[in-house]
Structure formats: C-alpha cells, structure tokens
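Some notes on the structure that comes next.
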Amino acid sequence: QVRLVESGGGLVQAGDSLSVSCEAFGQTSHFTQMAWFRQALGKEREFVSAISWIGGSPEYANSVKGRFTISRDYAKKAVYLRMNSLEPEDTGVYYCAARIQYGTGYYYSVNDYDYWGQGTPVTVSS
C-alpha cells in the first residue's frame, strides 16, 4: 500500500519563503516521477513542478520558474518543494503525486499520476 503524506504548509506573507515536503510510504521502487500540483479554491488542480524519481533535471510551470525549487531524497523516499518570493496567486492546497509508468519527458496532467497525497494548504497574504 503506497501512501504519500505532505507537510509544511502554512500562512505566510507575500515575498516570504516556505518549504513543503512529501514522504512516501510503502513500495516506491516502481516510481518514475514525482510531482507537485496545487489547487486554488474554485479552480482546477494545476501542475507546479516535477522531478524524475531516479534523477535528472526538474520541470517547472512558467508561473513558478525561478522562484520554486523541487528536490528529492531517494533514500528518504521524500520530495520537497522550496518556494521563494511567494505571491498571493500561489495560494492553494499543494498536492504531491507519484507516477509509475515509464515515458519520455515529464507529465503535466493529473491523469498522468497514480498516487496522491492528501494535500497541504499554503496561504499567501498580500
């Protein structure tokens, strides 16, 4: 049984930094990619960033490029998202996701990922 558990969300002010973490429990050797998505109130869940589970250059949404950094610790079965220069538009519930199917490149749709965490809320006040 695979579980993804996010932590680290909170309330910050615009311009602040925050890190969120995702720890995986269970069998993770079949993971190929890990990703962060976010969902603002009343909006669809959107891609934020992804990283290969075994290494490689990460991918970012244009809206967070240069401000967010994704990383992963294979030994700890964890993936992290460091968020700098936060903006009110970054507010939402941040979800960790894992993909098990192999493919070329990165994947940006919620339908491309097989496991999801429960989410951790991030609120950025102006």
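Everything numeric in this text was worked out from a predicted model, so none of it was measured.
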*Supply the members, apart from Tyr102, of the Ile/Leu/Val/Met/Phe/Trp/Tyr cluster built from side-chain contacts under 4.5 Å; use none for a lone residue.*
none
*For the atom pair CG (Asp16) and CG (Asp90), what is the distance rounded to the nearest 0.5 Å?*
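Taking CG in Asp16 and CG in Asp90, the distance rounds to 11.5 Å.
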Does [X] count as lying over the ring of [Y], i.e. NZ or CZ under 6.0 Å from the six-ring centre, within 45 degrees of the axis?
{"X": "Arg45", "Y": "Tyr95", "value": "yes"}
{"X": "Arg82", "Y": "Phe68", "value": "no"}
{"X": "Arg3", "Y": "Trp116", "value": "no"}

_Any side-chain donor near an acceptor of the partner, Gln39 and Tyr94, under 3.5 Å_ = no
_Carboxylate-amine/guanidinium proximity below 4.0 Å for Lys76 and Glu23_ =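 Result for this pair is no, no salt bridge flagged.
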*Should we count CD of Glu87 as having more than 12 external heavy atoms under 6.0 Å?*
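Above 12, so yes.
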*Is Ile54 atom CD1 crowded by more than 12 heavy atoms from other residues, nucleotides or ligands, each under 6.0 Å away?*
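At most 12 heavy atoms, drawn from other residues, nucleotides or ligands, come within 6.0 Å of this atom.
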_For Tyr113, run the ring-ring contact (aromatic ring centres under 6.0 Å, His included) check against Tyr107, Phe31, Tyr106, Phe37 and tell me which one passes._
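Option passing the ring-ring contact (aromatic ring centres under 6.0 Å, His included) with Tyr113: Phe37.
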*Taking all atoms of both residues into account, what is the closest heavy-atom pair of Glu6 and Gly117, and its distance?*
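Heavy atoms of Glu6 and Gly117 come nearest at OE2-CA, 3.2 Å.
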_ILVMFWY cluster, Tyr80 and Val122 together (side-chain gap under 4.5 Å)_ =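 Cluster IDs for Tyr80 and Val122 differ.
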_Check for me, please, whether Trp36 and Leu86 land in the same ILVMFWY cluster - side-chain distances under 4.5 Å, paths through other members count._
yes
